[in-house]
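Beneath this line is the structure, given in structure tokens, with notes to follow.
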Amino acid sequence: MKNIVFRRRSVRTYQDEEVPKDVIESLLRAAMQAPSAHNQQPWHYVVVRKKEVIEELAEAGPHAVMLKNSPLAIVLLADPDEFVMEHFWPQDLAASATTLLLQAVDQGYGGCWIGVYPEEDKMEHAKTVLGIKSDLIPFAILSLGKPRKEVIPRDCYDEGKIQWIE
Ligand SMILES: Cc1cc2nc3c(=O)[nH]c(=O)nc-3n(C[C@H](O)[C@H](O)[C@H](O)COP(=O)(O)O)c2cc1C
């Protein structure tokens, strides 16, 4: 139960402390290490450290309220021009987001996945706030920071979800 997979929980309250650039780079490096269909790697990232912009992202609704106390938001987007197997792109982006969150735990940080795609209003809001005029598709926002409270690991193992064929 000790490794980062089990220590990753959604963290929604953060210490009032900036995330250093070298840590952010390590998160992005990990995120780009994710598997993707046909190795298409259609992911792009907008790193938001400016408080006012993070607060605007939080205006998307109550589901995004944790952004208000977060020192960092990373928005994951997909570039349709890079699709090779188009229909798999959300899975590629999900793999990237998950890998980024795990790397954050490894670095002593925590984060929360804020769903954007495929909800049109949330996608539109993210594009407007970030000033994106291109065809990039916003997929998710990750709020990130040093956890304010201790993160309690949880074991979700459920035998009932497994069918063995042997
Ligand atoms: C696709 C997706 C969308 C999510 N959207 C939100 C969200 O908008 N707001 C939020 O607070 N948590 C969001 N979460 C986090 C989940 O609520 C969280 O992962 C789940 O409750 C399990 O808790 P854990 O991450 O601590 O294991 C999202 C997670 C996923 C995978």
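The chain is numbered in sequence order, starting from 1. Order of appearance sets the numbers: ligands from 1, and atoms from 1 within every ligand.
- For atom 25 (O) of ligand 1, the protein comes within 4.0 Å by at least one heavy atom.
- Against a heavy-atom cut-off of under 4.0 Å, Ile114 is close to the following atoms of ligand 1: 5 (N), 6 (C), 7 (C), 8 (O).
- Scanning all heavy atoms of the two residues, the minimum distance from Ile24 to Arg49 falls at CD1-NE, 3.5 Å.
- Residue nearest to atom 17 (O) of ligand 1, selected from Glu119, Arg154, Arg12, His63: Arg12 (by heavy-atom distance).
- Residue Trp113 holds the heavy atom nearest to atom 14 (N) of ligand 1 of all those in Trp113, Phe139, Phe6, Tyr117.
- The closest side-chain heavy-atom distance from Val11 to Cys112 is not below 4.5 Å.
- Contact record, Ser143 with Tyr14: OG-OH, 2.6 Å, taken as the closest heavy-atom pair.
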**Asp92 and Gln41: CA distance, side-chain angles, deciding distance, side-chain hydrogen bond (donor to acceptor under 3.5 Å, both in side chains) verdict** = CA-CA 7 Å; Asp92 301 336; Gln41 301 179 35; over 6 Å; no
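- A salt bridge does not link Lys21 to Glu25: none of the charged nitrogens lies less than 4.0 Å from a carboxylate oxygen.
- The contact set between ligand 1 and Met66, taken as ligand atoms under 4.0 Å from a residue heavy atom, comprises 9 (N), 10 (C), 11 (O).
- For atom 5 (N) of ligand 1, the closest heavy atom belonging to the protein is Gly115 N, 3.1 Å.
- The part of Cys112 lying near ligand 1 is the side chain, judged by heavy-atom distances below 4.0 Å.
- Closest to atom 18 (C) of ligand 1 among all protein heavy atoms lies Ser10 OG, 3.3 Å.
- The nearest protein heavy atom to atom 20 (C) of ligand 1 is not closer than 4.0 Å.
- For residues 57-68, there are no side chain to side chain donor-acceptor pair (under 3.5 Å) pairs, not counting sequence neighbours.
- Ligand-side atoms of ligand 1 in range of Arg9: 24 (P), 26 (O), 27 (O), range being under 4.0 angstrom from any heavy atom.
- A donor and an acceptor atom, one from each side chain of His44 and Glu82, are located under 3.5 Å apart.
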